[in-house]
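Everything numeric here is computed off the predicted structure, so don't read it as measured data. Convention: sequence-line order gives letters A, B, ...; per-chain numbering from 1.
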2 protein chains.
Amino acid sequence: MAANCQFAFAVHLLTLLAHKAGEPMTSSALAASVNTHPVVIRRLLATLSRAGIVVTGKGSQAGSRLQRSPSEITLGEVFRITMPASSAALYPHGPNKRCLIGHNIEGVLITILGSARAAFEEALGNYTLADVLARVAEGADEIPKPISSKAAASA
Amino acid sequence: MAANCQFAFAVHLLTLLAHKAGEPMTSSALAASVNTHPVVIRRLLATLSRAGIVVTGKGSQAGSRLQRSPSEITLGEVFRITMPASSAALYPHGPNKRCLIGHNIEGVLITILGSARAAFEEALGNYTLADVLARVAEGADEIPKPISSKAAASA
DNA sequence: GTTGATGTAACCGTGGCTGTTACATTCGTC
DNA sequence: GACGAATGTAACAGCCACGGTTACATCAAC
């Protein structure tokens, strides 16, 4: 299975929402394109909603839509939201603190990895949802066939 | 437990080797400081050896040492070796190819994530093992007590 | 009130990774 | 040449994270 699909899933569904340009989509419709379970999408949407990226309505005929213009949402932001800097320990059992190296290396590593992660996020910050949508649309010629059945109505 | 300690373990043991300045260390001694099992260290050393970072001797009185100067080994290189770009799928089941977005987004994401990873590695490339060792040594005042018993002889 | 949607808790199954054991192999030392 | 100490590697166990799934309360439009 794939590791940490959170970010990929998020970008995927946000791109779908961007493509729909304001028209709300249901979690089922989004799930159909992402190829996963609607609840997985709803969990993600809840996170994105709390972060102010999307708005989701409740009740019948509801759905989700972007809260901002696609050109104002960067992948860096999406990454920060979906993959928050984990405070997970670097070592399963921690290094041996009674050794010179072991005693100090954790802090050094955390600092260095932090700066690297910042570079990663900055690189992602160069792309907006609008960019992604444009790139996706470029390859539109090669679509094998239109999406079918019930999914066709929404995706 | 901590995720993917490979990189942290590698930097840790390489820093130890750098600290020893050419004197070979056994996997047991390294394991004592990293706080893990010698076999885990040996697995890592095998990878680092294949990549030309360390040399490991066999037989009694053997051990491992750096193959290059600590100032010529960057963390970017270590990262690339220990965490090779996984060809793991971005999606557990793949996106729905019959949808415009689903059909094209994977390639777009791979490209973008690739450039972000490059930025990450480049940031790590700014640090060498010598830098790490220097930073670790800076905090040397705060060592609680010298490492004890058999581990003291080697670490 | 019915219908169709969300939000969320709870649980299962799988996969990956560390840790561990076991064993063949290799080299220095006596 | 035998012994001891170390590596290299395969095989397995245990654990944990995460995606997938079910279930259900809630909410809004009609």
Problem - Shortest non-hydrogen separation from R68(B) to G52(B) and the atoms involved - result: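 So the two residues come closest at NH2-O, 3.8 Å.
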Problem - Nearest heavy atoms of T56(A) and S64(A), plus distance in Å - result: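 Scanning both residues completely, I find the closest heavy atoms to be CG2-OG, 3.1 Å.
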Handout entry: Geometric class of the F9(B)/Y91(A) ring pair [parallel <30°, tilted 30-60°, perpendicular >60°]
Key = tilted
Exercise for the section: Take the angle between the ring planes of F79(A) and F120(A) and call it parallel below 30°, perpendicular above 60°, tilted in between. Expected result: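 Taking F120(A) first and then F79(A), their aromatic rings sit tilted (interplane angle of 30° to 60°).
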Do any side-chain nitrogens or oxygens of [X] fall under 4.0 Å of OP1 or OP2 in [N]?
X      : N       : result
S27(B) : dT7(D)  : yes
T56(B) : dG8(D)  : yes
H93(A) : dG19(C) : yes
N4(A)  : dC18(D) : yes

Exercise for the section: For N96(B) and G102(B), indicate whether the former's side chain and the latter's backbone hold a donor-acceptor pair under 3.5 Å. Expected result: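 No, N96(B) side chain to G102(B) backbone: no donor-acceptor pair under 3.5 Å.
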Please state how far atom [atom1] in [X] lies from atom [atom2] in [N], giving the value in whole angstrom units.
X      : N       : atom1 : atom2 : value
F7(A)  : dG19(D) : CZ    : C1'   : 18 Å
H37(B) : dA11(D) : NE2   : P     : 18 Å
L13(B) : dT18(C) : CG    : P     : 13 Å
F9(B)  : dC17(C) : CZ    : C1'   : 10 Å
L48(B) : dG8(D)  : CG    : P     : 11 Å
L44(A) : dG7(C)  : CG    : C1'   : 14 Å
R42(A) : dG19(D) : CZ    : C1'   : 15 Å
R50(B) : dT7(D)  : CZ    : C1'   : 13 Å

Handout entry: hbond_proxy R43(B) side chain to dT20(C) base (donor-acceptor, 3.5 Å cutoff)
Key = yes
Practice task
Look at all strands and tell whether S64(A) reaches a base, only sugar-phosphate, or nothing, counting heavy atoms closer than 4.0 Å.
Solution key: nothing
With the criterion being N/O to N/O and under 3.5 Å, what pairs connect the protein with nucleotides 26-30 of chain D, and how long is each?
residue: dA28(D); atom: N3; partner: S60(A); partner atom: N; Å: 3.4

Fill in the blank from the handout: Test side-chain contact (heavy atoms from CB on, under 4.5 Å), reference P70(B), set L129(B), V132(B), L17(B), output is L129(B)
Problem - Other residues, nucleotides, ligands: >12 heavy atoms within 6.0 Å of E122(B) CD - result: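 It does not: E122(B) CD has 12 such atoms or fewer within range.
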Exercise for the section: May I ask whether V78(B) and V55(B) are part of the same hydrophobic cluster, defined by side-chain heavy atoms of I, L, V, M, F, W, Y residues being less than 4.5 angstrom apart, directly or through others? Expected result: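 No, because V78(B) and V55(B) fall into different hydrophobic clusters, even though each may have its own neighbours under 4.5 Å.
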Exercise for the section: Could you work out which one of dG19(D), dA22(C), dT8(C) sits closest to the side chain of V39(B)? Expected result: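 It is dA22(C).
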Exercise for the section: Using a 3.5 Å limit on both pairing distances, list the dot-bracket string of DNA chain C from the 5' end; Watson-Crick and G-U wobble pairs count, crossing pairs take [ ], interstrand pairs take |. Expected result: ||||||||||||||||||||||||||||||
Practice task
Indicate yes or no: at least one non-hydrogen side-chain atom of E106(B) is less than 4.5 angstrom from one of L109(B).
Solution key: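 Side chain of E106(B) against side chain of L109(B), heavy atoms only: no contact under 4.5 Å found.
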Exercise for the section: State whether a side-chain donor-acceptor pair under 3.5 Å links S69(A) with S71(A). Expected result: yes
